[in-house]
S.K.: 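If you scroll down you'll find the structure; I have some questions about it.
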Amino acid sequence: DRILGATSQELLAALSSSAPSPLIVQRSPSAAEVAAYYAASNWNGPTVPASQIYAVVDFRQKNLGRVEQSGFDVSATYEFPTEIGAFGAELNFVYLDRYAAARLAGTALQDRRNTSNNPIDLTGLLRATWRHGGWDAALTANYVAGYENTTLAPSQDVPSWTSFDAHLAYALRTGAGVLDGVTLSFDVQNLFDRDPPRVANVTGPLGYDTEQASALGRIVSITVGKRW
């Protein structure tokens with residue numbers, strides 16, 4: 001199931017068809033039924049004579065759609081000690097081999113994988129780590145596969161995007177005193193300040209896909225934490 005709101009095209013299609021539709025509350029309401037709608041406490045629209053009303057429709061977001069999806073996750077970690085510290089690797093990927101959706105009940109499922117505003121078939125990260133004494137470091141590569149921007153006609157191919165994050169921390173282990181358990185951390189998101197893929201959008205001027213990327217660029221943070 002999927003919570004969504006109907007588009008104007010879907011509403012017009014429902015109105016032009018005599019088949020039952022979850023969007024149509026009532027066709028050709030009587031004058032008494034129309035008066036009951038106007039008398040409701042939450043009515044704040046204009047009043048139109050019943051003779052001019054073809055149908056009462058429900059344009060609210062509700063459980064109209066249906067989704068079928070399948071895929072698998074891959075997660076693996078490995079760490080090995082050395083004289084200069086423990087090195088490790090971590091792999092986390094999500095692969096989606098099917099994502100089919102129908103916006104309205106009774107309509108056919110359509111493959112929407114790798115299209116705008118829908119899941120991408122492959123996303124994940126690869127991380128290398130190092131630990132030694134109070135030191136802790138990591139370098140992470142984040143990956144989002146390419147997809148198709150279907151908000152344009154013809155559609156636009158959006159390339160994949162890879163960004164890197166870096167982490168370095170040192171934990172103070174004095175054994176006593178106020179500094180014991182204090183950790184100093186230095187983190188950088190989008191280490192190489194990579195711009196997100198260009199995505200033309202007819203509904204706004206952003207120029208990128210907010211669901212799949214960030215336009216904030218490189219973000220540097222310094223954190224001081226204390227474990228009690």
S.K.: Is the side chain of Lys226 donor-acceptor paired with the backbone N or O of Asp180 at a distance under 3.5 Å, no angle test?
M.R.: yes
S.K.: Just to verify, what does Arg218 make a salt bridge (charged side-chain N to carboxylate O under 4.0 Å, His left out) with, not counting sequence neighbours?
M.R.: none
S.K.: Which Ile, Leu, Val, Met, Phe, Trp or Tyr residues join Leu125 in one cluster when any pair of side-chain heavy atoms under 4.5 Å counts as a link?
M.R.: none
S.K.: Consider only side-chain heavy atoms of I, L, V, M, F, W and Y, link residues closer than 4.5 Å, and tell whether Leu168 and Leu172 are in one cluster.
M.R.: yes
S.K.: Mind jotting down which residue pairs meet the salt bridge (charged side-chain N to carboxylate O under 4.0 Å, His left out) criterion with at least one end in residues 145-169? Sequence neighbours excluded, please.
M.R.: none
S.K.: Answer yes if Val182 and Tyr170 sit in the same cluster of Ile, Leu, Val, Met, Phe, Trp and Tyr residues linked by side chain heavy atoms under 4.5 Å apart, and no otherwise.
M.R.: yes
S.K.: Provide the closest heavy-atom pair for Asn118 versus Arg112 in the form atom of the first, atom of the second, distance.
M.R.: CB-O, 3.2 Å
S.K.: Heavy atoms only: give me the nearest Tyr99-Val67 pair and the separation to one decimal.
M.R.: CE1-CG1, 3.5 Å
S.K.: Going by atom types only, do Asp97 and Ser70 share a side-chain donor-acceptor pair under 3.5 Å?
M.R.: yes
S.K.: For Phe186, what residues pass the side-chain contact (heavy atoms from CB on, under 4.5 Å) criterion, not counting sequence neighbours?
M.R.: Val188, Val220, Ile222
S.K.: For residues Leu91 and Tyr143: do they belong to one hydrophobic cluster (side chain heavy atoms under 4.5 Å, members Ile, Leu, Val, Met, Phe, Trp, Tyr)?
M.R.: yes
S.K.: Return the minimal non-hydrogen interatomic distance between Leu109 and Ala100, and the atom names on each side.
M.R.: CD2-O, 3.8 Å
S.K.: Kindly write out the residues that satisfy salt bridge (charged side-chain N to carboxylate O under 4.0 Å, His left out) with Arg113, not counting sequence neighbours, or none if the list is empty.
M.R.: none
S.K.: Is the closest side-chain heavy-atom distance between Trp161 and Asp195 below 4.5 Å?
M.R.: no
S.K.: Not counting sequence neighbours, list each pair that qualifies as a side chain to side chain donor-acceptor pair (under 3.5 Å) and has a residue in residues 122-132.
M.R.: Glu79-Arg131, Glu90-Arg127, Arg127-Thr140
S.K.: Over all heavy atoms of both residues, which pair between Arg194 and Thr162 is shortest? Give the atoms and the distance, please.
M.R.: NH1-O, 2.8 Å
S.K.: Dump the intermediate steps for side-chain contact (heavy atoms from CB on, under 4.5 Å) on Tyr147 and Leu122, then the final yes or no.
M.R.: CA-CA 10 Å; Tyr147 61 99; Leu122 184 62; over 6 Å; no
S.K.: Who pairs with Ala128 by side-chain contact (heavy atoms from CB on, under 4.5 Å), at least two apart in sequence or on another chain?
M.R.: none
S.K.: According to the salt bridge (charged side-chain N to carboxylate O under 4.0 Å, His left out) rule, which pairs have a member within residues 29-47, sequence neighbours left out?
M.R.: none
S.K.: Establish whether Phe192 and Leu139 are linked, either directly or via other cluster members, by ILVMFWY side-chain heavy-atom contacts under 4.5 Å.
M.R.: yes
S.K.: Sequence neighbours left out, what passes side-chain contact (heavy atoms from CB on, under 4.5 Å) with Ile84? Give chain and number order.
M.R.: Thr82, Phe87
S.K.: Between Phe93 and Gly124, which heavy-atom pair has the shortest distance, and what is it?
M.R.: CD2-CA, 3.6 Å
S.K.: According to side-chain contact (heavy atoms from CB on, under 4.5 Å), who are the partners of Phe72, at least two apart in sequence or on a separate chain?
M.R.: Val74, Tyr95
S.K.: Do you know which two heavy atoms are closest between Pro197 and Val158, and how far apart they sit?
M.R.: CB-CG1, 3.8 Å
S.K.: Apply side-chain contact (heavy atoms from CB on, under 4.5 Å) to the pair Asp209 and Asn149, showing each step before the final yes or no.
M.R.: CA-CA 9 Å; Asp209 188 340; Asn149 178 11; over 6 Å; no
S.K.: Hydrophobic side-chain clustering at under 4.5 Å (ILVMFWY, transitive links): who's grouped with Leu216? Put none if nobody.
M.R.: Ile219
S.K.: Once salt bridge (charged side-chain N to carboxylate O under 4.0 Å, His left out) is applied, do any residues pair with Arg98, and if so which ones, sequence neighbours excluded?
M.R.: Glu68
S.K.: Using a 3.5 Å distance criterion without hydrogens, assess whether the side chain of Ser116 forms a donor-acceptor pair with backbone atoms of Thr150.
M.R.: yes
